[in-house]
Trainee: 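Starting off with a structure, shown below.
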2 protein chains.
Amino acid sequence: MRRPAKTPPAGRRPAMPRPPAAARAPAAKPYHHGDLRRVLIDAAMQLVGEGGPEAVSVREAARRAGVSPGAPFRHFPSRDALMNVVAEEAQRRFRAEIEAALADAPPGDPLGRFRCLGIAYLRWAMKNPTHFEIISSRRFFDHDRSAAVSSDNAELIGLTERLLAEAFSAGQLGMRDLKQVQIAGRALVYGFARMHLDGHLPRWGVGEAEAERMAADILDLFIAGIASRAAPSAKV
Amino acid sequence: MRRPAKTPPAGRRPAMPRPPAAARAPAAKPYHHGDLRRVLIDAAMQLVGEGGPEAVSVREAARRAGVSPGAPFRHFPSRDALMNVVAEEAQRRFRAEIEAALADAPPGDPLGRFRCLGIAYLRWAMKNPTHFEIISSRRFFDHDRSAAVSSDNAELIGLTERLLAEAFSAGQLGMRDLKQVQIAGRALVYGFARMHLDGHLPRWGVGEAEAERMAADILDLFIAGIASRAAPSAKV
DNA sequence: AATCTGTGTAATCGGTGCTTACATTCACGA
DNA sequence: TCGTGAATGTAAGCACCGATTACACAGATT
């Protein structure tokens, strides 16, 4: 374990009495930070964006907020708690963007809406790779410890399942097993997002520019594959 | 940045002269460790298996080898270098297992061999999730800095591409775009592996017991979807 | 036997999360 | 108006980590 996590040390020593800071410029810096909690979250979000989840440190967030290293612990009991809030923020943005994209999609045609969802999903994941990573992996924070993340995530997954179930009911999926289609669709989209995140796409000859087009292509391929009897031609 | 990585500090102080350890049990513990390098690698592999890539620390590996914290640096210039070797070991095992499985598969029938490869891939990934993570993500070590990992990985990817290309040449893929099929296949398998790794499968109602069966099912679904005109029924 | 080379130890630095004791400020009530 | 207590900041310190340096020791070579 690199991070001590739960080490209850004993033995503190009383600090030296500090001379009162009598003489101070009155408007220089107020003792109380306006909204330190919010500033810390923003700093942490920025750190995630710059260097990934690993780059988030309480001290660095405090440094950027112009505050002492111990101050953040008044607002977050631990680094993990800070990460939880960051994850909630990311998950909230993710869901909002997908639902916005879906609101623009025409109703009816469940497979078309599924495609639209997949595109929005991948677009956000590729535009915010490090934030996507936090809410994807259980490594950086535990989904179960945040009701907000869990419910937002369940909502998105439920949306996907519902669309494919509607397509199934409408007879668009032929005789295929619905659950298998749902999981395969999920795996395909999630896999492409992770391939981008993990830097695999260049190996496959897909540059940053072509990534979004390729995402649309494989979604179309998938839809054509599961659709009951679509024209087999691809290469749209 | 949590891990300082490249901080060249200045100013060392000469250590106090140490009294020679004259009296010591001769056979208790030899000064030189038999093969510290190998033992450190094994310890690191074990740490990865226990707590994931993050749990690997030079000090802990040294501790398990019964050696001082500085000793490992005689064999590995940095923690990353140790991780590189661990990744090479994992990648080697991964490739060996897949090639062994493929050797048992009947020649001819490229799609059948692709299925076999996918099964072996997922089986290993699900049996060794933490080791799989090291060689999947660029987060824990840089693939480009290890020729061994790069070539092993390229070999596996090339194998996959070749099998699908053979299927394409044999007319088994209809008019579909080969490259799209290759990337979609990759994304599907990789996505399922990562879903398992990231703990998403329980959310989809797939327990540890059903995971392998489900892996086979979605591979079959994919193959049925891309095959030129297979019977549309799934549920094998 | 002397020496060289490889390998392990001890001590130290700067970074991290986390805790405690103390200081300061603000809001509320008598 | 003036206390007073809660909220929130600072200072100091611990244990852990990776990494470096000076030094001690062992085995092989000459």
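Letters go in sequence order (proteins before strands), and every chain restarts at 1.
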Trainee: Parallel, tilted or perpendicular for A/Phe114 and A/Phe222, by the 30°/60° rule?
Mentor: tilted
Trainee: What residue pairs, at least two apart or across chains, pass salt bridge (charged side-chain N to carboxylate O under 4.0 Å, His left out) with a residue in residues 179-194 of chain A?
Mentor: A/Glu133-A/Arg194, A/Arg194-A/Asp198, A/Arg194-B/Asp198
Trainee: Can you find a side chain N or O atom of B/His75 that sits less than 4.0 Å from OP1 or OP2 on C/dG6?
Mentor: no
Trainee: Find the distance B/Leu47:CG to D/dG18:C1' and express it as a whole number of Å.
Mentor: 15 Å
Trainee: Taking the side chain of B/Ser57 as its heavy atoms from C-beta onward, which of C/dT16, D/dC17, D/dA19 lies nearest to it?
Mentor: D/dC17
Trainee: With hydrogens left out and only the distance checked, is there a donor-acceptor pair under 3.5 Å joining B/Arg59's side chain and the base of D/dG18?
Mentor: yes
Trainee: Please report the distance, rounded to the nearest Å, between CZ in A/Arg79 and C1' in C/dT16.
Mentor: 10 Å
Trainee: Using heavy atoms and a sub-4.0 Å distance, could you list which residues of residues 136-145 of chain B are near DNA chain C? By number, please.
Mentor: none
Trainee: Nearest-Å distance, CZ (B/Phe76) to C1' (C/dT7)?
Mentor: 14 Å
Trainee: Starting from P on D/dA15, measure out to CD on B/Glu60 and report it in whole angstrom.
Mentor: 17 Å
Trainee: Calculate the interatomic distance between B/Leu82 atom CG and D/dA19 atom C1'; express it in whole Å.
Mentor: 14 Å
Trainee: For B/Arg92, check side chain to side chain donor-acceptor pair (under 3.5 Å) against everything at least two apart and list the hits.
Mentor: B/Glu89
Trainee: Relative to the ring of A/Tyr121, is the ring of A/Phe132 parallel (under 30°), tilted (30 to 60°) or perpendicular (over 60°)?
Mentor: perpendicular
Trainee: C/dG6 base to B/Arg74 side chain: any donor-acceptor pair below 3.5 Å?
Mentor: no
Trainee: Considering only C/dG17, D/dG18, C/dT16, which nucleotide approaches the side chain of A/Val58 most closely?
Mentor: C/dG17
Trainee: Rounded to the Å, how far apart are B/Arg38 CZ and C/dT7 P?
Mentor: 16 Å
Trainee: So what does A/Arg37 hit on the nucleic acid, given a heavy-atom distance under 4.0 Å: a base, only sugar-phosphate, or nothing?
Mentor: nothing
Trainee: What residues form a side chain to side chain donor-acceptor pair (under 3.5 Å) with B/Glu99, not counting sequence neighbours?
Mentor: B/Arg95
Trainee: Could you check whether any side-chain N or O of A/Ser146 sits under 3.5 Å from a backbone N or O of A/Asp142, counting only pairs where one atom can act as donor and the other as acceptor?
Mentor: no
Trainee: Determine to 10° how strongly the helix from C/dA1-D/dT30 to C/dA30-D/dT1 is bent, judged from the axes of its five-pair ends.
Mentor: 20°
Trainee: Test of understanding: with side chain to side chain donor-acceptor pair (under 3.5 Å), list the residues that count as partners of B/Arg113, not counting sequence neighbours.
Mentor: none
Trainee: Please output the side-chain donor-acceptor pairs of residues 43-50 of chain B that fall under 3.5 Å, not counting sequence neighbours, one pair per line with the distance.
Mentor:
residue: B/Gln46; atom: NE2; partner: B/Glu50; partner atom: OE2; Å: 3.3
residue: B/Glu50; atom: OE1; partner: B/Arg64; partner atom: NH2; Å: 3.0
residue: B/Glu50; atom: OE2; partner: B/Arg64; partner atom: NH1; Å: 3.2

Trainee: Between C/dG8, D/dG9, D/dT10, which nucleotide gets closest to the side-chain atoms of A/Ser68?
Mentor: D/dT10
Trainee: Just the rounded figure in Å: distance from C1' of D/dC17 to CG of B/Asp80.
Mentor: 14 Å
Trainee: May I have all residue pairs that pass ring-ring contact (aromatic ring centres under 6.0 Å, His included) and include part of residues 179-214 of chain B, sequence neighbours excluded?
Mentor: A/Tyr190-B/His200, A/His200-B/Tyr190
Trainee: Both A/Leu36 and B/Phe73 contact DNA chain D. Which one's nearest nucleotide lies toward the 5' end?
Mentor: A/Leu36
Trainee: Not counting sequence neighbours, which residues clear side chain to side chain donor-acceptor pair (under 3.5 Å) with B/Glu212? List them please.
Mentor: B/Arg123
